[in-house]
Amino acid sequence: MNRRDMIRNGLTLGAGLAAGPQRLLAAPVDLSFPPDFVWGCATASYQIEGAVRADGRGPTNWDVFSHTPGRVANNDTGDVACDSYHRYAEDIALLKALGVKAYRMSIAWSRIFPDGRGKSNPKGVDYYNRVIDGLLAAGIQPYVTMFHWDLPQALPGGWQNRDTALAFADYAGFMAGKLSDRVHDFMTVNELRCFTDIGHLEGRHAPGLRLAPAQVNQVRHHGVLAHGLGVQAIRAHARPGTRVGIADNTTIHVPVIETPEHIAAARKATREKNAMFLTAIMEGRYIDEYLAQEGANAPKVQPGDMAAIGSSLDFVALNIYAPEWVRADAGPTGYAIVPHIASSPRMASPWLVVGPEVAYWGVRTVSELWKPKMLYISENGASADDPVTNGRIDDTDRVMYLRNYVGQFHRAVADGYPLKGYFLWSLMDNFEWADGYSKRFGIHYVDFATQKRIPKLSAAWYKEVISRNRLV
């Protein structure tokens with residue numbers, strides 16, 4: 001009997017206990033995942049590699065930003081990070097010890113094209129060849145993200161310049177041609193909302209700008225255009241059978257109560273609040289509500305842009321962390337967003353409000369709105385304080401977080417939604433952008449003074465999940 005049948009028949013785990021020992025218990029809910037479910041870990045180039053001046057790598061916007069006093073906590077930089085550029089074999093060993101079969105990594109664009117375009121750098125290509133060959137030798141399949149925020153500084157105007165989208169496509173196609181004999185899954189860009197809005201509207205991330213609404217909308221357009229042109233370029237240069245998707249931190253709206261009216265409100269909110277990002281990608285257009293809302297500030301779109309942006313995807317990958325709660329409302333939108341309050345549960349990062357239901361509703365809502373062929377969770381994880389006691393890091397709070405979120409992903413799989421894999425963020429503590437090294441997301445502790453890696457309790461928990469292929 002599956003979950004839906006149990007609910008329909010009024011059965012729940014433990015049913016009958018109150019009626020005495022003669023009553024039979026309902027069968028326990030099966031917490032296993034499908035046999036082919038992909039378990040992995042994720043990292044990003046600028047956050048772990050370091051070696052910012054090694055082997056011809058060009059400077060990036062994050063090099064400039066992190067070296068600007070006051071921009072990053074404690075004036076930390078990614079100059080060394082986890083030194084994974086030199087220690088990648090050690091990090092592959094960590095992955096192998098966990099038992100993961102997949103690793104989501106990103107390529108530093110400026111290692112391949114130090115100026116963003118033009119002449120390629122063979123030493124950069126060689127480095128990623130070594131990493132990928134090392135992963136495959138360990139039985140780990142690489143899932144490669146082409147852009148995870150570290151933009152070559154030499155590109156004039158950065159994301160304000162439409163030409164950056166064209167340069168990205170050239171780079172993505174070039175690397176797909178180099179790697180697709182061994183890499184079967186590519187993600188174009190990571191978290192559109194972060195490298196556009198946080199960097200160009202809020203100014204908290206590189207390049208640290210606070211632009212006017214029309215300019216922000218144009219940056220957003222260049223971001224989704226880069227994705228779409230990147231999809232086309234990867235398909236043009238990669239081997240047949242290569243799969244292409246995106247890793248997006250879609251803002252997921254969760255119904256305050258699971259009733260039809262609140263579910264409908266949350267679905268509508270998710271579609272409209274992501275109108276400039278995943279909605280545009282999956283529908284190949286900017287929806288009327290968004291264009292009406294932005295008016296004269298709406299992005300300037302050239303012929304062919306939306307066809308490229310709406311290029312068919314083999315999968316959608318979601319970075320899922322915090323929910324936005326939504327209730328049905330009699331106002332013109334039909335929904336109201338319920339704000340987080342001081343008592344809302346959080347992890348160590350103030351923005352990371354804990355709401356495990358977002359895991360289920362992220363998968364379900366994206367599936368029902370746009371019917372992607374496959375879904376992956378490209379990131380999910382949590383920051384924690386991680387004190388070291390007698391050489392141990394017993395991060396029970398992170399285990400609590402992960403167990404609850406993975407449980408909700410299991411619910412989505414059990415309900416038949418096409419979730420095929422999960423990449424835990426992150427393999428190890430790393431450079432956490434504007435928070436520097438003050439926030440730890442890894443399941444391996446990194447002593448940044450010595451670069452020693454130490455497995456946390458959460459690593460042991462995840463290893464057990466993987467080995468049993470079920471929630472534990």
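Any value given below was found using the heavy atoms of this structure, including those in side chains, with hydrogens, waters and symmetry copies removed.
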Where the side chain of [X] meets the backbone of [Y], is there a donor-acceptor pair that is under 3.5 Å apart?
{"X": "N469", "Y": "F33", "answer": "yes"}
{"X": "S180", "Y": "G177", "answer": "no"}
{"X": "W461", "Y": "V472", "answer": "yes"}
{"X": "Y437", "Y": "A81", "answer": "yes"}
{"X": "D394", "Y": "L457", "answer": "no"}

Evaluate the side-chain proximity of H200 to E202: yes if any heavy-atom separation is below 4.5 Å, no if none is.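 Not in contact.
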Less than 6.0 angstrom from the centroid, inside 45 degrees of the normal: does R411 satisfy that with respect to the ring of Y360? yes
State whether Y445 and R440 meet the cation-pi test: NZ (Lys) or CZ (Arg) under 6.0 Å from the six-membered ring centroid, and within 45° of the perpendicular axis.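 Yes.
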F186, Y103, Y376 screened by ring-ring contact (aromatic ring centres under 6.0 Å, His included) with Y143, the one that passes: Y376
Q47-W62 side chain donor-acceptor pair, cut-off 3.5 Å: no
Judged by modelled atom types alone, do Y46 and S66 share a side-chain donor-acceptor pair under 3.5 Å? yes
Check R453 with D91, please: is the shortest side-chain N to carboxylate O separation under 4.0 Å? yes
Only one of D395, D386, D385 passes salt bridge (Lys or Arg N to Asp or Glu O under 4.0 Å) with K456, and that residue is D386
Around atom NZ of K96, are there more than 12 heavy atoms from other residues, nucleotides or ligands closer than 6.0 Å? no
